[in-house]
There are 2 protein chains.
Amino acid sequence: MFTLAEENYLKAIFHLEHEGSGEVSTNAIAESMETKPSSVTDMIQKLAEKKLVVYKRYKGTLLTEKGKKIAANVIRKHRLWEVFLVDKLNFHWDEVHEIAEQLEHIQSEELITRLDKFLGSPDFDPHGDPIPDKNGVLKRTEKKLLSQIEKNQKGVCVGVKESSADFLQYLDKKKISIGTKITVLGKEFFDGSMIIQVGNEQFFISHKIAENLYVQTL
Amino acid sequence: MFTLAEENYLKAIFHLEHEGSGEVSTNAIAESMETKPSSVTDMIQKLAEKKLVVYKRYKGTLLTEKGKKIAANVIRKHRLWEVFLVDKLNFHWDEVHEIAEQLEHIQSEELITRLDKFLGSPDFDPHGDPIPDKNGVLKRTEKKLLSQIEKNQKGVCVGVKESSADFLQYLDKKKISIGTKITVLGKEFFDGSMIIQVGNEQFFISHKIAENLYVQTL
DNA sequence: CTTTATTTTTAGTTAAGTCTAAAAATAAAG
DNA sequence: CTTTATTTTTAGACTTAACTAAAAATAAAG
Ligand SMILES: [Mn+2]
Ligand SMILES: [Mn+2]
Ligand SMILES: [Mn+2]
Ligand SMILES: [Mn+2]
């Protein structure tokens with residue numbers, strides 16, 4: 001129905017809409033897709049003709065309901081495949097993103113219906129990201145960035161914002177994964193760095209780490 | 001490493017080489033891929049430059065060792081995915097080909113290694129076709145077309161030559177699947193049609209059916 | 001052998017998706 | 001406000017993989 005390129009653009013715009021607020025800029029799309037702004041303009045104009053986005057020259061882009069649905073479905077497929085790779089093929093959570101990036105474009109309703117069932121209809125992917133349902137609806141969950149947690153508060157890790165292999169491997173080294181309890185022992189105002197407790201270990205983390213870890217406060 | 005189009009051409013040439021003997025003609029490739037001969041010539045010249053085929057103008061095309069290996073690997077992936085779809089997702093054998101046609105192009109050595117293990121390193125796909133090993137080696141098996149079996153001989157169905165949904169659904173209707181025992185009760189010289197016994201049922205089949213069913217004589 | 005038919009290749013287009021370079025619009029600074 | 005900087009779009013070019021139409025080579029028929 002839609003080309004690989006179109007699906008990737010819709011997905012990128014979907015993610016950017018959820019991060020910022022309001023129209024998504026051409027440069028933001030270009031950066032997130034590692035492509036040039038001129039290429040983005042071309043594609044957006046094509047998507048606008050197909051009524052998948054609303055586009056106003058020099059102002060930015062927003063997905064239409066139709067565009068949102070398609071994007072959410074690609075994300076649904078991506079995350080279901082990630083669950084498959086981790087749960088069934090025993091991949092580690094830092095190895096699955098690139099492969100899912102390809103698998104998300106396989107076209108077959110029936111395949112996804114059956115895959116979902118096979119996996120036990122999971123609600124979250126291996127990185128703690130929610131899996132949209134058949135209709136593209138994303139369950140919104142109560143989660144905060146670890147960086148927003150106050151001193152002496154406790155939280156359980158429910159996801160990661162970044163899911164680069166580097167970051168995930170850092171978390172492994174520190175024995176942090178989905179479900180891990182984290183206590184904030186200290187917080188430095190100057191640079192946002194923290195001292196946290198994980199299990200019996202206490203250690204220092206930078207602001208960059210803290211703002212890429214999602215937790216639910218206890 | 002190679003584009004989707006390149007992989008599909010290599011696969012088609014691989015299959016055609018195994019059917020006929022000697023060079024594969026441009027028209028044969030075009031027909032099997034539902035494309036135009038001029039497009040085939042273009043692509044073959046590109047594959048020849050990449051040393052994946054040996055091509056002589058007006059004479060035909062043969063895969064090089066490198067080309068064979070790549071083709072066999074695509075076929076390996078295709079057939080492993082078909083096993084996955086049938087064994088794990090409970091698809092029926094007439095529903096999996098189109099989906100595997102997409103999945104065969106997913107690029108990840110590790111994925112296939114793990115998928116193979118997950119499936120128990122199967123030797124055959126749901127249509128009875130052998131799955132090439134990691135090095136592209138195809139286990140050759142003793143099999144004949146049902147049409148080559150003589151009157152009063154018995155065989156067990158080990159595969160299908162065609163695997164179109166229409167043909168597979170016909171076989172279902174007649175209760176024929178991989179492992180089914182078939183006895184040839186009669187054979188008409190004029191049109192190659194047969195009377196066969198399957199289970200307790202005896203019925204007529206045309207030559208077209210008989211020449212698309214592989215059996216091992218008992 | 002020649003003529004005719006078939007197969008295959010070449011030449012010239014096209015569409016998707018990308019890029020660079022230049023122009024136009026908007027935003028920021030003075 | 002005007003000038004400068006940034007963002008965005010347009011124009012033109014390129015690559016891949018298709019196509020049509022025409023030419024060239026090979027095979028088949030007479
Ligand atoms: Mn993608
Ligand atoms: Mn994920
Ligand atoms: Mn294919
Ligand atoms: Mn098969």
Side-chain angles (χ1 to χ4, degrees), chain A residues 1-14 16-17 19-63 67 70-71 74 101-102 104-105 107, chain B residues 1-14 16-17 19-63 67 70-71 74 101-102 104-105 107:
Chain A
M1 192 62 187
F2 298 96
T3 69
L4 189 135
E6 287 169 342
E7 288 191 344
N8 282 337
Y9 274 96
L10 291 173
K11 190 174 60 135
I13 297 166
F14 186 96
L16 291 168
E17 263 188 44
E19 283 169 25
S21 53
E23 284 82 7
V24 177
S25 81
T26 300
N27 269 1
I29 298 169
E31 196 190 359
S32 88
M33 300 195 58
E34 301 182 55
T35 182
K36 301 292 168 184
S38 54
S39 306
V40 174
T41 301
D42 278 353
M43 179 56 89
I44 281 173
Q45 288 173 346
K46 206 175 89 183
L47 295 176
E49 277 181 26
K50 296 193 179 186
K51 309 286 187 198
L52 299 171
V53 301
V54 177
Y55 162 67
K56 291 210 195 80
R57 280 164 75 228
Y58 292 102
K59 287 219 59 180
T61 302
L62 284 175
L63 292 173
I70 293 160
V74 174
E101 207 60 36
Q102 299 177 60
E104 72 188 6
H105 300 290
Q107 306 280 8
Chain B
M1 192 61 185
F2 298 97
T3 68
L4 189 135
E6 287 169 343
E7 289 192 344
N8 282 337
Y9 273 96
L10 292 173
K11 190 174 59 134
I13 298 166
F14 186 96
L16 290 167
E17 264 189 41
E19 283 169 26
S21 52
E23 284 83 5
V24 177
S25 81
T26 300
N27 270 1
I29 299 170
E31 197 189 359
S32 88
M33 300 196 57
E34 301 184 54
T35 182
K36 302 291 167 184
S38 55
S39 306
V40 173
T41 301
D42 277 352
M43 179 57 89
I44 281 174
Q45 288 173 345
K46 206 175 89 184
L47 295 176
E49 275 182 28
K50 296 192 179 186
K51 309 284 186 201
L52 299 172
V53 302
V54 177
Y55 162 67
K56 291 210 193 80
R57 280 164 77 229
Y58 294 101
K59 288 219 57 181
T61 301
L62 284 175
L63 292 173
I70 293 160
V74 174
E101 206 60 36
Q102 300 176 59
E104 71 188 5
H105 300 290
Q107 307 278 8

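FYI, side chains are in, hydrogens and waters are out, and symmetry mates aren't considered; it's all heavy atoms of this structure. Being a predicted model, the structure only gives us computed values, none of them experimental. Proteins get letters first, then strands, A, B, ... in listed order; numbering begins at 1 in each.
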Secondary structure string for DNA chain D (Watson-Crick or G-U under 3.5 angstrom, | for other-strand pairs): ||||||||||||||||||||||||||||||
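Distance from the side chain of B:T35 is smallest for D:dC19 among the nucleotides C:dT18, D:dT9, D:dC19. Of the listed nucleotides (C:dT10, D:dT9, C:dT8), D:dT9 has the atom at the smallest distance from the side chain of A:Q45. Between C:dA25, C:dT9, C:dC19, one nucleotide has an atom nearer to the side chain of A:Y58 than all others, and that is C:dA25. Of the candidate nucleotides D:dC19, D:dA11, D:dT8, D:dT8 has the atom nearest to the side chain of A:T26. Checked against C:dT9, C:dT7, C:dT18, the side chain of B:N27 finds its nearest nucleotide in C:dT7. Here C:dT20 is the nucleotide among D:dT9, C:dT10, C:dT20 with the atom lying nearest to any side-chain atom of A:K36. Between D:dA18, C:dT9, D:dT20, one nucleotide has an atom nearer to the side chain of B:A5 than all others, and that is D:dA18.
Dashed line: the shortest gap from a side-chain N or O of A:R57 to OP1 or OP2 of D:dT10 is under 4.0 Å. Close to D:dT8, at under 4.0 Å from its OP1 or OP2, lies no side-chain N or O of A:Y55.
Once rounded to the nearest 0.5 Å, the distance linking CG of A:L62 with CD of A:E17 reads 5.0 Å. Residue B:L16 holds its CG atom at 9.5 Å from CG of B:L63, rounded to the nearest 0.5 Å. In this structure, CD in B:Q45 is found 11.5 Å from CE in B:M43, a value given to the nearest 0.5 Å.
The residue among A:T3 and A:K59 whose nearest nucleotide of DNA chain C is located toward the 5' end is A:T3.
Side-chain contact check for B:K11 versus B:E101: some heavy-atom pair is nearer than 4.5 Å. Side-chain atoms of A:V40 and A:Y9, non-hydrogen and from C-beta on, do get closer than 4.5 Å to each other. The shortest side-chain heavy-atom distance between A:L10 and A:V53 falls under the 4.5 Å cut-off. The shortest distance between side-chain heavy atoms of A:V74 and A:F2 does not fall below 4.5 Å.
In this entry the distance linking CG of B:L4 with C1' of C:dA16 reads 15 Å, nearest Å. Spacing between atom CD of A:E23 and atom P of D:dT7 amounts to 17 Å, rounded to whole angstrom units. Atoms CD1 (A:I44) and C1' (D:dT10) sit 15 Å apart, rounded to a whole Å. What separates CE of A:M43 from P of D:dT9 is a distance of 15 Å, to the nearest Å. Note: NZ (A:K50) to C1' (C:dA16) measures 10 Å, nearest angstrom. Taking atom CZ of residue B:F2 and atom P of nucleotide D:dT16, one finds them 14 Å apart after rounding to whole Å. Rounded to whole angstrom, the span from the CD atom of A:E31 across to the P atom of D:dT6 amounts to 15 Å. When rounded to the nearest whole Å, the span between NZ of A:K56 and P of D:dT9 equals 13 Å.
Within 6.0 Å of atom NZ in B:K59, 12 or fewer heavy atoms from other residues, nucleotides or ligands are found, so the atom counts as exposed in its surroundings.
Using a 4.0 Å heavy-atom criterion, one finds that B:T41 contacts the bases of the nucleic acid, with or without backbone contacts as well. Residue contacts shown for A:S39 include a base, since a base heavy atom lies under 4.0 Å away.
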